[in-house]
Protein chains: 2
Amino acid sequence: MAKAQRKKASKKGLILIKAAAMFREKGFAATSMRDLAEAVGIEAASLYNHIRSKNEILEAICFDVANVYNTTIDAIESSQQKTIGKIEQLLRFHIKQMTENYEDVYVSDREWKHLEEPYLSNFQTQRRNYRKKFAAIIEEGITKNEIRKIDAPTAVLIMLHAISGIESWHRSKAKISAQELEENMVMIMIDGLRKQP
Amino acid sequence: MAKAQRKKASKKGLILIKAAAMFREKGFAATSMRDLAEAVGIEAASLYNHIRSKNEILEAICFDVANVYNTTIDAIESSQQKTIGKIEQLLRFHIKQMTENYEDVYVSDREWKHLEEPYLSNFQTQRRNYRKKFAAIIEEGITKNEIRKIDAPTAVLIMLHAISGIESWHRSKAKISAQELEENMVMIMIDGLRKQP
DNA sequence: CCTACCGATCGGTAGG
DNA sequence: CCTACCGATCGGTAGG
């Protein structure tokens, strides 16, 4: 059973799905519990039979995404392949997440500031660690002479944010397919814009 | 006189500067007029002697940035140089904006959703047109055989979002200088990660 | 899961 | 630029 289906199976799951869609569209702070309740089809007070607070919803969304990220990078990190292959795999993973798990990833990426302590610190630490692991893979590639001598943390920022740009593709009724999008992105990031002579 | 100084000269300018900083930090919806008033050093009610509404502040920030973008791309578009040079110039312009005019650019990029009509539609149109002009430059480069055969709109999204990633560099007490950052970004975007044999 | 309701806070105005 | 205040809306609870 796919994740979205598993979620929909319970009322709490439905609340999380609707919340992610609304947080993405209007932002966490601008989404009211009454808006959310209406989308779910119950009264605002009834939401609290399924969730403890508005912030708990955001926590569920953000940490779900963080867990998938961490699991994936650990698997790729320890896999036996060339560094450039690891990076390509990581890029393709992020692109897939963005096209298939759009609402959750977007919210986790843009609305995590509204988390409260201790969740805020926890999330920021996980984020920082993820980027460090990613940068370490790039450093490995530079050492092995597969990758240009660049500043690895900068390269990580570029790649992660470049992929988050798919947001606009997602909204714009795609003139190209998800597959074409993925191939274009990987090519641009790995080989650059300039045509080799 | 630099722009920030010109702004600070008037009370309204000071309000705009403080507002941009707070909208960036907490988001537009989560920033209250009382928070803002405190940062400016007056009572909340007194803000309204300088501005008409909370939304007017956001409009000022977003359209200021949009105007700078439009002026710049028109100048670059009509300049006499190779296409790859135009793109590099555009990249460097965006990177400079992000390092020198951080708060305004960030807010314009992430909080414009909270604009109200007719400003919302106006802003979205300007944004779309900007991207079209950028994509046209890339198409020109493909035709002239300077740039790889890629989907131009996708390349635009990648580049603009990659640059917005500087946000994290900005926050992280930069281990590398602004100049190094710029050179790294331009190199990665133009020539890619992979080292040529 | 609903009705009824709480205290807090919001953007903004009146009047000086 | 301030004091005083408005109606609306917020997240959340009590009690059934």
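All chains are named by letter (A, B, ...) in the order of the sequence lines, taking the proteins before the strands, and each is independently numbered beginning at 1.
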Check: What's the shortest heavy-atom distance between B:Lys54 and B:Thr31, and which atoms?
Finding: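 For B:Lys54 versus B:Thr31, the nearest heavy atoms are NZ-O, 2.8 Å.
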Notebook entry, point to check: Looking at A:Met185 and B:Thr154, what are the two nearest heavy atoms and their distance?
Noted result: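 For A:Met185 versus B:Thr154, the nearest heavy atoms are CG-CG2, 3.9 Å.
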Next item on the list: Taking A:Thr99 for its side chain and A:Ile95 for its backbone only, find out whether a donor-acceptor pair lies under 3.5 Å.
Entry: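 Checked: pair present.
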Check: Mind checking who C:dG15 pairs with, Watson-Crick or G-U wobble, both distances under 3.5 Å?
Finding: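 Base partner found: D:dC2.
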Notebook entry, point to check: Could you run down nucleotides 2-15 of chain C 5' to 3' and tag each one B, S or - for protein heavy-atom contact under 4.0 Å?
Noted result: BBB-----SBBB--
Next item on the list: Check the side chains of B:Ser121 and B:Glu117 for a donor-acceptor pair under 3.5 angstrom, ignoring hydrogens and angles.
Entry: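 Indeed, the side chains of B:Glu117 and B:Ser121 share at least one donor-acceptor pair under 3.5 Å.
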Note to self: Using side-chain heavy atoms (C-beta onward) and a distance below 4.5 Å, is B:Arg131 in contact with B:Leu160?
What the structure shows: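 Counting from C-beta outward, B:Arg131 and B:Leu160 do come under 4.5 Å.
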